[in-house]
Amino acid sequence: MGWKKPYCKPRYASSNSHKLYYCRTSLTILTLALLFGSAVYVFTPETRFWEPGFLHHEARYRGDLRDLNSPWNKLCFGPTSEKLKIAVFSKSWPTGPSPGGMERHASTLYSALASRGHKIHVFTAPSDRQQRSEVKEGNLSVHFAANDHGSVNFSLAYEMFLQENGSGDFDYVHTESVSLPYWRAKMLPKVAVTWHGIWYEIMHSKLFQELLANPNGLFPGPTTELQEAMPRLLDEIRFFSSYSQHICISNSAGEVLRNIYQLPQRNVHVILNGVDEKNFVFDPEAGLRFRKKHGVPSNVSLVMGVAGRLVRDKGHPLLYEAFSSIAKQHPGVFLLVAGSGPWSKRYSELGPNVRVLGALEPYELSDFYNALDLFINPTLRPQGLDLTLIEAMHCGKPVLTTNFPSITGTVVLSGEYGYTFSPNVGSLVEALNLAIRDGLKSLQEKGMFCRKHVLSMFTASKMALAYERFFLCMKNSKYCQYPLPTDC
Ligand SMILES: *[C@@H]1O[C@H](CO)[C@@H](O)[C@H](O)[C@H]1NC(C)=O
Ligand SMILES: *[C@@H]1O[C@H](CO)[C@@H](O)[C@H](O)[C@H]1NC(C)=O
Ligand SMILES: *[C@@H]1O[C@H](CO)[C@@H](O)[C@H](O)[C@H]1NC(C)=O
Ligand SMILES: *[C@@H]1O[C@H](CO)[C@@H](O)[C@H](O)[C@H]1NC(C)=O
């Protein structure tokens with residue numbers, strides 16, 4: 001382990017002999033923690049038993065949900081008759097065409113909760129930045145509180161919240177990241193925040209980006225971005241405790257919040273983001289049609305694909321270089337590139353083994369994933385809502401991706417789901433070679449394994465049920481018991 005013991009004192013030793021060390025917050029220690037980040041992520045036995053092989057009649061979680069360190073999504077929650085009134089603060093709400101991941105997530109989640117009979121009031125701004133009036137659909141009300149530039153006016157949003165609270169008080173308040181600023185959250189006793197990315201993870205990725213951009217450490221030295229990251233991280237650790245309850249979207253972020261940010265165990269929960277399983281299905285025929293339509297030669301031996309914005313921090317310089325070398329050794333390997341951005345032109349110059357498709361419409365995405373034998377996500381940013389891995393897995397595809405703790409601790413748990421690599425060209429080439437050597441049959445088996453895994457964890461309905469139970473538990477602790485007689 002790279003974790004230096006002399007700086008740390010044992011916090012507790014659990015019965016199963018995992019020792020965690022509590023360290024005083026100092027720049028040195030945080031740097032060490034970051035450098036040896038993976039050593040900090042201690043796997044609890046629970047992490048393992050959430051694998052797809054786990055069946056209900058095996059060890060089933062029993063106890064208080066607030067003590068659970070693994071995703072709530074995995075549990076099977078039954079119906080409840082109690083209905084809640086929930087306030088939501090979100091930076092934006094999808095209104096125009098092609099909304100971003102964050103907006104789609106918010107709309108999926110709150111529409112699902114509203115359709116389950118809860119009164120949901122969202123205080124937000126429209127994603128297209130146009131002037132809009134309130135939206136009311138059944139039990140979902142969306143209140144727009146935008147300033148002149150179209151972003152949220154926090155004061156106005158809060159005023160609207162107080163006004164709505166006046167006509168029937170809220171059971172609980174939920175904020176997507178800092179959409180409800182911490183100085184306001186501090187005043188409210190019943191607030192939960194969902195973190196979609198934390199500075200500890202951002203720091204981790206900035207470190208990799210710096211090493212890639214400047215491998216020899218010569219002039220001009222670390223970017224200001226990297227230098228600015230540490231103060232941001234410290235600031236974040238200081239203000240996070242203003243929020244009472246924390247929801248993370250990966251196991252590793254939960255561990256960081258407990259172990260590095262030092263938040264109370266019982267106030268940190270993991271609820272994974274889900275994608276709408278109806279939109280991403282396993283459909284080999286649609287995949288074949290997609291290949292034909294886009295001119296993928298029928299004699300290729302393996303089709304790989306990548307999707308998203310074709311920019312530097314999504315790892316395209318790495319994939320570009322790695323694939324150029326792979327294509328020379330394996331002329332039958334083909335690469336489909338979906339998305340647009342500065343790297344699009346370079347990919348299209350790579351030769352006959354690469355096809356650049358441009359940005360795809362949302363309805364084409366499932367077919368695109370189905371056309372692949374392997375989905376690649378070379379991202380250098382572990383934080384945020386990069387749901388493409390989950391979408392590809394819903395379509396029954398194995399994945400090849402960066403070995404960030406947020407990915408290896410929650411999504412690609414082992415080699416049975418695909419391949420992971422360290423963010424450098426050599427490691428990526430090695431992983432690609434391994435996948436090619438394993439061959440189509442093995443990739444298909446891994447793909448089915450992936451599909452089973454994401455269906456058990458990463459669906460929109462599992463996410464909504466987990467949040468529903470979370471808010472019920474926060475309102476009335478009787479709902480924190482698991483399982484209840486009504487649970488499945
Ligand atoms: C709104 O919630 C109530 C229960 O609180 C439910 O009876 C009703 O069907 C819901 N309306 C819609 C449109 O979902
Ligand atoms: C934000 O809302 C407050 C309260 O309604 C208002 O006084 C203020 O001028 C608004 N600020 C901007 C930038 O729109
Ligand atoms: C919301 O309303 C309830 C009941 O009227 C009140 O007790 C509570 O303080 C209000 N919340 C805020 C933040 O003002
Ligand atoms: C596939 O067929 C084309 C045209 O017949 C040929 O030029 C190409 O070399 C073949 N590729 C492979 C990998 O066999």
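Atoms within each ligand, like the ligands themselves, are counted from 1 in listed order.
Taking a cut-off of under 4.0 Å to the non-hydrogen atoms of Lys83, the atoms of ligand 1 that pass are 5 (O). Listed by number with element, the atoms of ligand 1 under 4.0 Å from a non-hydrogen atom of Gly117 are 2 (O), 4 (C), 5 (O). For ligand 4 and Gly332, the ligand atoms under 4.0 Å from any heavy atom of the residue are 13 (C).
In Lys119, the part holding a heavy atom less than 4.0 Å from any atom of ligand 1 is the side chain.
Considering both main-chain and side-chain atoms, Ser115 never comes within under 3.5 Å of ligand 1 through any nitrogen or oxygen pair. Considering backbone and side-chain N/O atoms, Gly138 never comes within less than 3.5 Å of an N/O atom of ligand 1.
In summary, the aromatic rings of Tyr110 and His118 are positioned with their centroids too far apart to meet the 6.0 Å limit. Checked against a 6.0 Å centroid threshold, the rings of Phe123 and Trp93 do not count as neighbours.
Electrostatic pairing of Asp373 and Arg291 counts as a salt bridge here, judged by a charged N lying under 4.0 Å from a carboxylate O. A salt bridge links Arg266 and Asp67; the closest N-O separation between the charged side-chain nitrogens and carboxylate oxygens is under 4.0 Å. Lys475 and Asp171 are joined by a salt bridge, as a carboxylate oxygen and a charged side-chain nitrogen come within less than 4.0 angstrom of each other.
The side-chain heavy atoms of Met160 and Phe144, taken from C-beta on, include no pair separated by under 4.5 Å.
Of the options Asn73, Val411, Val275, a side chain to side chain contact (heavy atoms under 4.5 Å, CB included) to Phe458 is made by Val411 and by none of the others.
Using cut-offs of 30° and 60° for the angle between ring planes, the His174 and Tyr467 rings count as tilted.
Ser301 meets the side chain to side chain contact (heavy atoms under 4.5 Å, CB included) test with Val333; sequence neighbours excluded.
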Could you list, one pair per line, each nitrogen or oxygen of ligand 3 together with any protein nitrogen or oxygen closer than 3.5 Å, giving atom names and the distance rounded to 0.1 Å?
residue  : atom   : partner : partner atom : Å
ligand 3 : 2 (O)  : Asn165  : OD1          : 3.4
ligand 3 : 2 (O)  : Asn165  : ND2          : 2.4
ligand 3 : 11 (N) : Asn165  : ND2          : 2.8

